Protein chains: 2
Amino acid sequence: MTDALDTLEHDNLGSTVYHLLCNALIQGKLKPGERLKIRELAARLGTSVTPVRDAILRLVQEQALAMKSARDIRVPHMTVARYLEIRAIRIKLEGLAAEMAAQNASAEQIALLEELVRQNEQAIADGDTARGCDLNQRFHFALVDIAGMPFLQGILYRIWLQMGPLIADVYGAGGDDMLDFHYPVLAAIRAHDGPAAARAISDDILCGGQVILQHLQAAELTASARQTSAAGGED
Amino acid sequence: MTDALDTLEHDNLGSTVYHLLCNALIQGKLKPGERLKIRELAARLGTSVTPVRDAILRLVQEQALAMKSARDIRVPHMTVARYLEIRAIRIKLEGLAAEMAAQNASAEQIALLEELVRQNEQAIADGDTARGCDLNQRFHFALVDIAGMPFLQGILYRIWLQMGPLIADVYGAGGDDMLDFHYPVLAAIRAHDGPAAARAISDDILCGGQVILQHLQAAELTASARQTSAAGGED
DNA sequence: TTTGCTTATTTGATGCATCATATATGCAGG
DNA sequence: CCTGCATATATGATGCATCAAATAAGCAAA
């Protein structure tokens, strides 16, 4: 899953650091707004700055990190506009993946999907949100994998990288019903009904992401309110 | 257009080299299979190896270049399977862009699209395939721009980066009728008919890319034939 | 002449020294 | 006590030396 992007890539220290940071982002260990320092990371990881710089540059390139000014590298904040754009893209691309997956899926692959859903149910029952979050993501990527579209997998991995810090923040609030939308997907894939699978994934992204969108909208509202009151207070 | 990816990015030498190589790829100045050497490029550009290495690593990451073994960096060959996958993705994503563009397009933006088509006609009349290729690409990116989806623009730029060497190779052969499919797109956008625009772009990608697909299939056939005869000859 | 081993060269990876600049700190003047 | 400038510090950018491994070249032995 982690090395979805570089199946053929030569393994160097930079890649290792890159994957390390990717996992940290996806697992929400890096919060939006948090600053990263190359020297500090290098010291922590026991390498020189070069591989860390390589990794950070790669993440900046794909906008998983933002370099606001020359020496200010941060985990970017998600905006509502950006989220809506990404959501529209995800519906198209994950819809495509689900459609192809429905066409291709073998019995073993369907069993794998069922197993993921089952484990997710268990994680929710255990109240293990981190594991639930991870399993939710694995389900989505299993679809791309079954679709047999490695290039698409790379694109989607980069997209999920963007949403990692966000999802980890919000998942606990209302992530429990996120799993519900996976059942129609599973049903459509069992029936090898591509269009139905695409619609089901679309529902999952729209409804499951509703909590995230509300969280973002609330955050932008309080931010603008703070700004207004601050401007008023300073006057 | 060129810096679609890094609107917010700090400008360093590495980025400059990156854009230089991007343009070279898109304009077909780097042929599939061609090998790149960091030291050689650095000498040619008058910089140290560091910025060149940064740029190349970025291109390897997004698979616009391939690092087959530890010190073998090449412009990758496109395969039929990969082309078909990219084509399916493009239809979804550029369809989305066309749909949004049709909804949003102002009179000036429509005029810009018309101007691009007009210039493309002129380029074809002049037999200037390089310019025609460039204008074709600019039309597609103008749609994403009008759609107002900066993140999508980044994704599509990376996709076009992959196809750059290929398109430049094949465009001369049958690129003249590529422009024909832009007129229905234009009509749909003038009518602010999103679904029609998406269908028109899909037609453009499918039909306009037909020549490319045939070229690829022929290349893979001769490659496998060569392999067979070579194996037979050695036996 | 051919084959296999040794050596030289090429080339990306890594570490590190230095630079330039942005930010922070602190001191002086009001 | 506050403001503004000068210095100090922090930090990414850049260049470069060195390493390691892969490939090429050359030489020797059969």
Side-chain angles (χ1 to χ4, degrees), chain A residues 3 5-22 24-25 30-31 33-76 233-235, chain B residues 2-3 5-22 24-25 30-31 33-76 233-234:
Chain A
D3 31 11
L5 283 180
D6 359 46
T7 314
L8 298 170
E9 190 171 338
H10 173 243
D11 237 37
N12 44 17
L13 247 187
S15 290
T16 309
V17 177
Y18 170 79
H19 290 304
L20 205 88
L21 290 174
C22 280
L25 279 168
L30 296 172
K31 303 290 177 194
E34 186 171 344
R35 185 171 176 194
L36 296 177
K37 297 175 189 177
I38 292 179
R39 281 172 169 82
E40 184 186 300
L41 265 172
R44 184 126 49 95
L45 300 175
T47 73
S48 81
V49 297
T50 308
V52 177
R53 191 170 169 270
D54 286 355
I56 284 186
L57 245 46
R58 283 166 73 173
L59 287 163
V60 167
Q61 146 120 355
E62 58 198 19
Q63 302 182 22
L65 293 178
M67 192 174 278
K68 299 295 246 181
S69 79
R71 294 143 243 262
D72 193 33
I73 301 163
R74 286 175 191 278
V75 180
E234 277 178 357
D235 195 56
Chain B
T2 302
D3 31 13
L5 281 181
D6 357 45
T7 314
L8 298 170
E9 191 171 334
H10 173 244
D11 236 37
N12 44 18
L13 247 186
S15 290
T16 309
V17 177
Y18 170 78
H19 290 305
L20 204 90
L21 290 175
C22 280
L25 279 168
L30 296 172
K31 305 288 177 194
E34 185 171 343
R35 186 172 176 193
L36 296 177
K37 297 175 189 176
I38 291 180
R39 281 173 169 81
E40 184 185 300
L41 265 171
R44 185 126 48 96
L45 300 175
T47 73
S48 82
V49 296
T50 309
V52 177
R53 190 170 169 272
D54 285 355
I56 284 186
L57 244 47
R58 283 166 72 173
L59 287 163
V60 167
Q61 146 121 358
E62 57 200 18
Q63 302 183 24
L65 293 178
M67 191 174 280
K68 298 298 244 182
S69 78
R71 324 142 224 246
D72 192 34
I73 302 163
R74 286 173 191 279
V75 180
E234 279 180 355

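Proteins come first, then strands; the chains are lettered A, B, ... in the order of their sequence lines, and each starts at number 1. Everything numeric here is computed off the predicted structure, so don't read it as measured data.
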Original post:
Is it true that a side-chain atom of B:R74 and a backbone atom of B:A66 form a donor plus acceptor pair closer than 3.5 Å?
Top reply: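 Side chain of B:R74 to backbone of B:A66: no pair is present.
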Original post:
Rounded to the nearest 0.5 Å, how far does CD1 of B:I73 lie from CZ of B:R35?
Top reply: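 Nearest 0.5 Å value for the CZ-CD1 distance: 8.0 Å.
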Which pairs of donor and acceptor atoms, one on a side chain in residues 39-57 of chain B, lie under 3.5 Å apart (sequence neighbours left out)?
residue	atom	partner	partner atom	Å
B:S48	OG	B:T50	N	3.3
B:R53	NH1	A:D54	OD1	3.3
B:R53	NH1	A:D54	OD2	3.0
B:R53	NH2	A:D54	OD2	3.1
B:D54	OD1	A:R53	NH1	3.4
B:D54	OD2	A:R53	NH1	3.0
B:D54	OD2	A:R53	NH2	3.1

Atom [atom1] of [X] and atom [atom2] of [N]: how far apart are they, to the nearest Å?
X: B:I73; N: D:dA22; atom1: CD1; atom2: P; result: 15 Å
X: B:D72; N: D:dA24; atom1: CG; atom2: C1'; result: 14 Å
X: A:Y18; N: C:dA13; atom1: OH; atom2: P; result: 16 Å
X: B:R74; N: C:dT11; atom1: CZ; atom2: C1'; result: 13 Å
X: B:M67; N: D:dA22; atom1: CE; atom2: P; result: 14 Å
X: A:L57; N: C:dT14; atom1: CG; atom2: P; result: 15 Å
X: A:K68; N: C:dT23; atom1: NZ; atom2: P; result: 13 Å

Original post:
Do any of residues 35-43 of chain A sit with a heavy atom less than 4.0 Å from DNA chain D, and if so which?
Top reply: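 Those residues are A:R35, A:L36, A:K37, A:I38, A:R39.
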**OP:** Among C:dT14, D:dA13, C:dA20, find the nucleotide with the atom closest to the side chain of A:R71.
**Re:**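 So the side chain of A:R71 is nearest to C:dA20.
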Subject >> Side-chain N or O of A:R53 closer than 4.0 Å to phosphate OP1/OP2 of D:dG12 >> reply: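 No, no such contact exists.
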Original post:
Taking only residues two or more places apart in sequence or in another chain, which ones pass side chain to side chain contact (heavy atoms under 4.5 Å, CB included) with A:V75?
Top reply: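 Checked A:V75 against side chain to side chain contact (heavy atoms under 4.5 Å, CB included); matches are A:L25, A:L30, A:E34, A:L65, A:P165.
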Each nucleotide N or O in nucleotides 15-17 of chain C that has a protein N or O under 3.5 Å away: list the pair and distance.
residue	atom	partner	partner atom	Å
C:dG15	OP2	A:S48	N	3.1
C:dG15	OP2	A:S48	OG	2.9
C:dG15	O5'	A:S48	OG	3.4
C:dG15	N7	A:T50	OG1	2.5
C:dC16	N4	A:T50	OG1	3.3

Original post:
Is B:R58 close to B:S15 at the side-chain level, that is, under 4.5 Å between some pair of heavy atoms?
Top reply: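 The answer is yes; the side chains approach within 4.5 Å.
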